[in-house]
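Have a look at the structure below before the remarks.
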Amino acid sequence: MSMLTRRHLLRRAALSATAATPAGAVLGTAATAAAATALTGCQPGDPAAPSDPSASAAARLQFPTNFGWGAATSAYQIEGAAKEDGRGESVWDTFSRAPGRTRNGDTGDVAADHYHRYAEDLDLMRDLGLRSYRFSISWPRIQPDGTGAANQRGLDFYRRLVDGLHERGIAPMATLFHWDLPQTLQDAGGWESREVAHRFADYAATLFDALGDRVPVWLTINEPKTVVQNGYLQGHHAPGRRDPDAAYLVAHHLQLAHGLAVQALRADGANGRIGPAFNLHPCYPADDSPGAAEATRLYDGYENRLYLDSALKGSYPEDVLADLGPDSRMVRGIRDGDLDIISSPIDLLAVQYYTPIYVTATGGTVRRWPTSEATWQQIYPDGMYDILTRVTRDYGPIPLTVTENGLPTPDVLAADGTVEDTGRVTFLRDHLAAAHRAITDGVPLESFHVWSLLDNFEWAEGYDQRWGLIYIDYPTQRRVFKRSAHWYRQVIADNAL
Ligand code: FCB
């Protein structure tokens, strides 16, 4: 391992330490806020002041005609029915059942029971007025062992779901992989194995054959960075590894899998559009020192350019490759032609935005804004504007969709049957206003998906965090529109904020 890689590791450790700091310990002062506006390698234009809620409430912000108002979920987080209809085991079954891995030992065995209640959930989506629904397909439902012939009952479930969406006038957006790798493939090396990227392309081709005539938009891999960082650097997501050298080889194989799936869609001749789903973090220097600017640049490489440059420019960022070093497993694992595959032309880019990152001269991170219940999430709506405009500026006018944005709030079902999640309304309004500003400034943003449609299994946080527009009363599985759902329905109906 190179010296530089070790330095990078220290930065990772600093990031997780920061994420563990209690929410009260916010480092926000006028002086540090001013410093945050210093121009960085990853910050486009002139950063505006945080949104003023009263101002955004007073003005009507009209969205483009046919804007794709949406909401998002993922298979393991909502479906339950973990052992039904031939579904195989995934790494998240293994991980969540292992002692001490998730809060309260929660698993996705039942989750929101969407597998059985999907028809009711489709009606709720219609009542909400959704125009687009982003869901993911469970690989172990389709190929229980990660390879070979498709499990017909698994395919049938998604066919019913997709048909139900069309019947209600909602456009399906299907994510091929949202972290639930078949356990058998993990046993064979998981994403450290190049072979798994080829298995993924075969799985994708199966779905293009089966559903290609009725799914207009496919997303390849959800947040490869989270698999790298949470799954292989910090180890608090499946498969629970702490191995930096493996982590970046995994990054390369996830990118390769993405590119192979894009090629599989083209080979299939299906009409659908396809792209990756990246969680992007605008990175800002924590102060105006040259050291902070330099550290921020490299941090941005690991957070954003590693994924964006490879998929959209056909090259990995030189600074990141140099930092990893020539002996790293990733650098050694890149073969001739891989970058051509990874940069196979895509139709759209899915952006997921939750939080900014403030980087110090030593490569650590600090907080600048209040956090949500998810202590890693600083609430900074202007980061949405910055990341959307930055992508358009640096990568050209590729169509964009926001496929995740939201926050967890301490929601309570009151005796009168209401859930007053006013914090979520404020958050979504401010982030949508920032997205609107980006559209006004020329960003080709075509849709926006709230994370999430339903309360669900929030990975290592289990069911403690509620991210949904719709409340799930887990003991009864009753669904209740929160105040934010009523609000969002009106926004959709008005096509305006
Ligand atoms: C994203 C994940 C999604 C959910 C939200 C809160 O990173 O893609 O499944 O956990 O965070």
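Start at 1 and go down the list; that is how both ligands and their atoms are numbered.
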- Message: Under 4.0 Å from a heavy atom of Trp459: which atoms of ligand 1 are those, numbered in the order shown and with their elements?
- Response: 3 (C), 4 (C), 9 (O), 10 (O)

- Does NZ or CZ of Lys313 come closer than 6.0 Å to the centre of the six-membered ring of Tyr395, within 45° of the ring's axis? yes

- Task: Return yes or no for this condition: an N or O of Asn222 is under 3.5 Å from an N or O of ligand 1.
- Result: yes

- Note on the structure: In terms of heavy-atom contacts, Arg97 and Asp109 come closest through NH2-OD1, 3.0 Å

- Between Gln352 and Glu404, does any side-chain donor sit less than 3.5 Å from a side-chain acceptor? yes

- Nearest option to atom 1 (C) of ligand 1, as decided by whichever heavy atom of Lys225, Glu404, Glu458 sits closest: Glu404

- Message: Please compare Tyr76, Trp467, Tyr354 and report which has the shortest non-hydrogen distance to atom 5 (C) of ligand 1.
- Response: Tyr354

- Item | Structural part of Asn279 in contact with ligand 1, heavy atom criterion under 4.0 angstrom | neither

- Query: Any donor-acceptor pair under 3.5 Å linking the side chain of Asp347 with the backbone of Ile274?
  - Reply: yes

- Closest contact, heavy atoms only, Ala112 versus Arg479: O-NH2, 2.7 Å

- Task: Note the single closest protein heavy atom to atom 7 (O) of ligand 1, along with its residue, its atom name and the distance in Å.
- Result: Glu223 OE1, 2.6 Å

- Query: Applying a strict 4.0 Å limit to heavy atoms, is His178 in contact with ligand 1?
  - Reply: yes

- Query: Do the side chains of Leu130 and Leu453 get nearer than 4.5 Å, heavy atoms only?
  - Reply: yes

- Does an N or O from Trp451, backbone or side chain, lie closer than 3.5 Å to an N or O of ligand 1? no

